Amino acid sequence: MNRAFITGITGQDGSYLSELLLGKGYEVHGLIRRASTFNTDRIDHLYRDFHDPEARMFLHYGDLSISGQLTDLLYAIRPDEIYHLGAQSHVWVSFDIPEYTGDITGLGTLRLLEAVRKTGIKTKFYQASSSEMFGAAPPPQNELTPLQPQSPYAAAKVYSYYIVKNYREAYRIFACNGILFNHESPRRGETFVTRKVTRVATQIKLGLKDKLYLGNLEAKRDWGFAGDYVEAMWLMLQQEKADDYIIATGESHSVREFVEMVFERLGLDYKEYVVVDPRYFRPTEVDCLLGDATRARNRLGWTPKVYFEQLIDMMIEADMELARKEKTLLDAGYLCTGNHHLIQQYR
């Protein structure tokens, strides 16, 4: 039985990756942070109590800021594959907490690679790199495009990208960078723009909200489905030689296009509900990201299955169901206006 270790297992990508690996017969170990509230809702459907003899997913408390603990975990787990997805992953937030972002998103990768080196375990390492690293570089972007980061998050990811390449060359560690362009799903966090749009738009449709506040509507992104992208992560670690790969759909759409299509699907005119709030603009914007995934297509045999319109339909359907539950609870008096986030526990 192959054994995998996933940092960021409770996130969008971690949940889809866990499903994929468990479906392939893996034993899955995940790193989670201790918090006073449960944050495992994305993977609760996969979890079995560790007393269950059929349990194949195990969660370990830890933190990417503690190098010794990471080393101890790798000694104990001895994974065949490591998927490093954990990070402070919100670009806009990284301007508010740049030091923390650099520590976790940048140095966290170094600590994990050092743990691999010090333990001497034979493993394959996947690093979740980001299209944000390209920043101001003109599209389309491929593996040879110069990196021009435009945020503390992107700069931290650039550090991680190069430290992975360095450890691959210096210590012969099988380490890959997956440079994933924007990938979304119904499990996307509600502060990320695509999920914010589908979540609030469905609430507006049912009369639960009346406005959607957004920043730059002209920014263009290459949006794919997270479930497709985790398959590419796995494929990278099945190769004989480690390398770096762009994962993208090859289509770019503006935030405005995304918003317009979501509201159109709901029979609404977005211009009546969307308000541009300058506070959501980044200090330095990234105008256009468009990925060229030729290498992944040719070497990994990977192509996306879900494209822009299918992705939107998928997210609207999930968020409409959530909004209906929310409205039912609100009408019954179980939910107060302004506390819509409490619907999470009723999913």
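Just so you know, residue 1 is the first one in the sequence shown, and it goes up from there. This structure is a prediction, so every number in the text was calculated from the model and none was measured.
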Tell me, do [X] and [Y] make a side-chain contact under 4.5 Å, heavy atoms counted?
{"X": "K325", "Y": "T328", "answer": "no"}
{"X": "L85", "Y": "Y126", "answer": "yes"}
{"X": "Y161", "Y": "T109", "answer": "no"}

Keeping [X] on the side-chain end and [Y] on the backbone end, is there a donor-acceptor pair under 3.5 Å?
{"X": "T123", "Y": "P79", "answer": "yes"}
{"X": "R34", "Y": "Y61", "answer": "no"}
{"X": "S130", "Y": "M133", "answer": "no"}
{"X": "E190", "Y": "K196", "answer": "no"}
{"X": "S15", "Y": "Q12", "answer": "yes"}

Output the distance between atom [atom1] ([X]) and atom [atom2] ([Y]), rounded to the nearest 0.5 Å.
{"X": "I121", "Y": "I82", "atom1": "CD1", "atom2": "CD1", "answer": "4.5 Å"}
{"X": "M315", "Y": "R195", "atom1": "CE", "atom2": "CZ", "answer": "6.5 Å"}
{"X": "L112", "Y": "S67", "atom1": "CG", "atom2": "OG", "answer": "11.0 Å"}
{"X": "N39", "Y": "T10", "atom1": "CG", "atom2": "OG1", "answer": "5.0 Å"}
{"X": "D210", "Y": "Q203", "atom1": "CG", "atom2": "CD", "answer": "11.0 Å"}
{"X": "M57", "Y": "I9", "atom1": "CE", "atom2": "CD1", "answer": "5.5 Å"}

Flag yes if more than 12 heavy atoms outside R299 fall under 6.0 Å of its CZ atom; otherwise flag no. yes
Whether W92 and Y280 hold their rings parallel, tilted or perpendicular, with breakpoints at 30° and 60°: tilted
For the residue pair F263 and Y273, categorise the inter-ring angle as parallel (less than 30°), tilted (30 to 60°) or perpendicular (more than 60°). parallel
Carboxylate-amine/guanidinium contact [X] [Y], below 4.0 Å:
{"X": "E321", "Y": "R324", "answer": "no"}
{"X": "D277", "Y": "R279", "answer": "yes"}
{"X": "D103", "Y": "R111", "answer": "yes"}
{"X": "E309", "Y": "R265", "answer": "yes"}
{"X": "E81", "Y": "K24", "answer": "no"}

For Y16, is the NZ or CZ atom of R187 found under 6.0 angstrom from the centre of its six-membered ring and inside 45 degrees of the ring axis? yes
Are [X] and [Y] close enough that a side-chain donor and a side-chain acceptor fall under 3.5 Å?
{"X": "E114", "Y": "Y167", "result": "yes"}
{"X": "T202", "Y": "D319", "result": "no"}
{"X": "Q88", "Y": "H90", "result": "no"}
{"X": "T101", "Y": "S94", "result": "no"}

Taking it one step at a time, do R282 and E132 satisfy salt bridge (charged side-chain N to carboxylate O under 4.0 Å, His left out)? CA-CA 13 Å; R282 301 178 189 177; E132 287 286 336; 3.1 Å; yes
Where do S185 and F225 come nearest, in terms of heavy atoms and distance? CB-CE1, 3.8 Å
